[in-house]
2 protein chains.
Amino acid sequence: MTAQQAAPVRRMRRAERREQILDAATRAFARAGFAATSLDDVAAEAGITRVILYRHFESKTDMYRAVLDRACTRLVEQVGADDFGGEAIPSLLRAAAADPDGFRLLFRHAAREPEFRDLTDTLTAASVEIARKNLAPRIPPGPWADWASRLIPTVAIESVIAWLDAGRPDPDAAAERIGAAIHGVIQAAQPR
Amino acid sequence: MTAQQAAPVRRMRRAERREQILDAATRAFARAGFAATSLDDVAAEAGITRVILYRHFESKTDMYRAVLDRACTRLVEQVGADDFGGEAIPSLLRAAAADPDGFRLLFRHAAREPEFRDLTDTLTAASVEIARKNLAPRIPPGPWADWASRLIPTVAIESVIAWLDAGRPDPDAAAERIGAAIHGVIQAAQPR
DNA sequence: CCATTTGTATACTCAGATGTAAATAAAAGC
DNA sequence: GCTTTTATTTACATCTGAGTATACAAATGG
């Protein structure tokens, strides 16, 4: 009597489940990074058993790389090779809003995990290079150009994360303000 | 014949050894954070066996807290409650130069480790509050004040790390430029 | 010279996490 | 209905790393 009729449990197709696992894994890993997150944490976040994870991924490392790969791909698709055009910052904001956990995971954790740095290195190296090229006409090569071209991508990323933390107010205004903040760094690197 | 006379190995006093272990642990943990660093890594970095570590620290966690505590104390001693006076940035630079590994460890790793966030939380909360107070007369309360007061401490820290990475050129000029970069963020948060 | 301190070597226990295997059950699709 | 796919459960096997115990060796300091 007290026994409820078990509601028919909706099963997912393989590809769908895989995506759902990647979503959950992104959330789980975003909390504390690779080493401090167990597969049981991921499984719990996905609402399944650990065993299922192994039907979709060879190993923990394999899964993590898949998570980072997806986040990276999404980011590159949204931002594109749109190096410093006016749409770069708005599209960065869109990308972060679309996948905030992935965004945080990439830049706050993966970038500091030596074992997986290769996945974010291309991204950061590319953005540093873009910054350096855009700085070149205005700042003579040397330590301050180095300083600024390292700092600018970081400030861009951290501005976006601060925007997420502040509740994502008005994306258009945010883009302008972030642009202004970056401009401030460029000014600061100017010879005086 | 071939046997060398073993050079008499200089032994350290207890306190001295403890400091040396803390130095080595700071370097080791600065590479990949708490979870991804084993006690064997630390012992190897210190040039001793793992067993010795337990003569100075109760546990891995205990040791890590001691490392963070020391880095934190040093930082506070150097920077002081010198909230936004003109000497704040120069002293931040001095502190980072004096203990670069500790500096990186605190802000790049410990700040992202939920288990140890309490140790850096007071620091970051304090600096965010200082930023907010200094912003108050110029920026109306609201999401952009939130945004800027979160971002400013981060930009300060990241500017310093970028300065370390760029080879620590001219500390005085660096202080001015970092001040200018922060000013740029304040400008960016201004109502428009 | 003798006690204390400091370091080494080795071997062990224990816990947690990764990864595997097999039997069972239920949903989906034909 | 019958097969295939997907999920659960339970039970292992294995490994790494934390933490402990003990016996030994060498330096220090009186």
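Reminder, nothing fancy here: chain letters follow the sequence lines and each chain counts from 1.
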Base, sugar-phosphate alone, or nothing: which one does A/Ile52 contact when heavy atoms must sit under 4.0 Å apart?
base
Taking for each residue the nucleotide of DNA chain D with the nearest heavy atom, is it B/Arg55 or B/Thr61 whose nucleotide lies nearer the 5' end?
B/Thr61
Distance check needed: D/dA18 P versus B/Tyr64 OH, whole Å only.
14 Å
Side-chain heavy atoms of B/Thr61 within contact of B/Phe34, under 4.5 Å:
yes
When the distance from CD of B/Glu16 to C1' of D/dA27 is rounded to whole Å, what number comes out?
14 Å
Can you tell me if the side-chain N/O atoms of B/Arg50 get under 4.0 Å from OP1 or OP2 in D/dA18?
no
Please report, rounded to the nearest Å, how far the P atom of C/dT6 is from the CG atom of B/Leu53.
15 Å
Residues B/Pro191 and B/Arg138: closest non-hydrogen pair is CD-O, 4.1 Å
Take the protein atom OH of B/Tyr54 and the nucleotide atom P of C/dG7, then report the distance between them rounded to whole Å.
17 Å
Min side-chain heavy-atom separation B/Gln78-B/Leu92 under 4.5 Å
no
Using whole Å, what does the distance between atom P of nucleotide C/dG16 and atom CG of A/Asp41 come to?
13 Å
Of the candidate nucleotides C/dT20, D/dG19, C/dT8, which contains the atom at the shortest distance from the side chain of B/Ile48?
C/dT8
Backbone N or O of A/Ala175 within a donor-acceptor pair of the A/Trp163 side chain at under 3.5 Å?
no
As a test of reading the structure: which of C/dG19, C/dA17, D/dA7 is closest to the side chain of A/His56, going by heavy atoms?
D/dA7
By nearest-heavy-atom nucleotide on DNA chain D, the more 5' of B/Lys60 and A/Val51 is A/Val51
Round to a whole Å and report the spacing from CZ of A/Arg18 to C1' of D/dT6.
16 Å
B/Phe57 CZ to D/dT20 P: how many Å, rounded?
15 Å
May I have the distance from A/Asp40 (atom CG) to D/dT9 (atom C1'), rounded to whole angstrom?
14 Å
Any B/Arg17 side-chain nitrogen or oxygen under 4.0 Å from OP1 or OP2 of C/dG7
yes
Please check this pair: side chain of A/His56 against backbone of A/Arg17, looking for a donor-acceptor N/O pair closer than 3.5 Å.
no
Is A/Thr49 touching bases, backbone alone, or none of the nucleic acid, heavy atoms closer than 4.0 Å?
base
